[in-house]
Structures are given as structure tokens and as C-alpha cells.
Amino acid sequence: MEKVEKNVIDEIVEKIEQLSALELSDLAKQLEDKFGVAGMMAPVGMAAAAGQPAAGGEEKKEEKTLFDVVLKTFGSNKIQAIKEVRAMTNLGLKEAKDLIEALPKPIKEKVSKEEAAEIKAKMEAIGAEVEVK
């Protein structure tokens, strides 16, 4: 009887190995719900975070949510660029001027995709060159 159970377990493990990270997450959630146990997601999440490849040897890439906005050049209107940087960052006049004169420099760091796009659009409107990283 023990031999039969081992074969069943081996088959289950083989099937689990073929699942993608998303499928493993769904499986863990269903097992938690079905059997009323908590904490099964942590090992799955830690395996994914540790760089375990998904099925087929593919590694799932995490989507970036925070961006840095880097001012590369201020364009032809230095005074307007200083004003915009001050408005976006709440820096003083001297600090904003120093930032503008020491390019390339980040204007804002760890902002949302939408905020980064907004900053980029404002700065490009005055002729500045901006990169979102």
C-alpha cells in the first residue's frame, strides 16, 4: 500500500512542477479555501521571489510600478526649467538651479507611471529632454 501512495504523490508532484507561477498561486489559494489552512501562499511567493523559473524554463518578469524621472537636458529655457523643477519637487530656488546645472539628474524618484508620464510631458513641453527609468 505504501508503494501505491508514493506513486500517487510522485504523480502529483510532477504535475505541480509543470505549473506556472500564476497557476501555483491559484492552486495554493484553492487549497487554503478548501482545507481552511492559512499561510500556504508564503512558500509559493518565496519560491517565485527566489527566481524559480516558471513552467518551460521561463522566468516570469515582475512589472515595474515605480519609476525615476531623470532630466537629461533643460532645453533652451533654463529659467522655465528651474520653475518647473521647483513646482514639481518643492525645492528652493538655489537647489533647483543647482539640480538644473548638474545634469543628468533625477527630478523625482519612485513615482507612479502616471506621475512620471505627467512630469515628462510638462518638461518636454518646455523643450527639456527627460528619461523615465
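When the salt bridge (Lys or Arg N to Asp or Glu O under 4.0 Å) test is applied to Lys72, the partners found at least two apart in sequence or on another chain are Glu131. Scored by the salt bridge (Lys or Arg N to Asp or Glu O under 4.0 Å) test, Lys108 finds Glu115 as partners (sequence neighbours excluded).
Between Lys105 and Val70, every side-chain heavy-atom pair lies at or beyond the 4.5 Å cut-off.
By the neighbour-count criterion of 12 heavy atoms within 6.0 Å, atom CG of Leu66 is densely surrounded, having more than that number from other residues, nucleotides or ligands.
Within the structure, the side chain to side chain donor-acceptor pair (under 3.5 Å) test picks out no pair touching residues 116-128 (sequence neighbours left out). Each salt bridge (charged side-chain N to carboxylate O under 4.0 Å, His left out) pair with one or both residues in residues 80-90, not counting sequence neighbours, would appear here, but there are none. Sorted by first and then second residue, the pairs that involve residues 93-104 and meet salt bridge (charged side-chain N to carboxylate O under 4.0 Å, His left out), not counting sequence neighbours, are Lys78-Glu101, Lys94-Asp98, Lys97-Glu101.
Annotation for Val69: hydrophobic cluster partners, listed by chain and number, are Leu71, Phe74, Ile82, Val85, Met88, Leu91, Leu93, Leu99, Ile100, Leu103, Ile107, Val111, Ile119, Met123, Ile126, Val130 (ILVMFWY side-chain heavy atoms under 4.5 Å, direct or chained).
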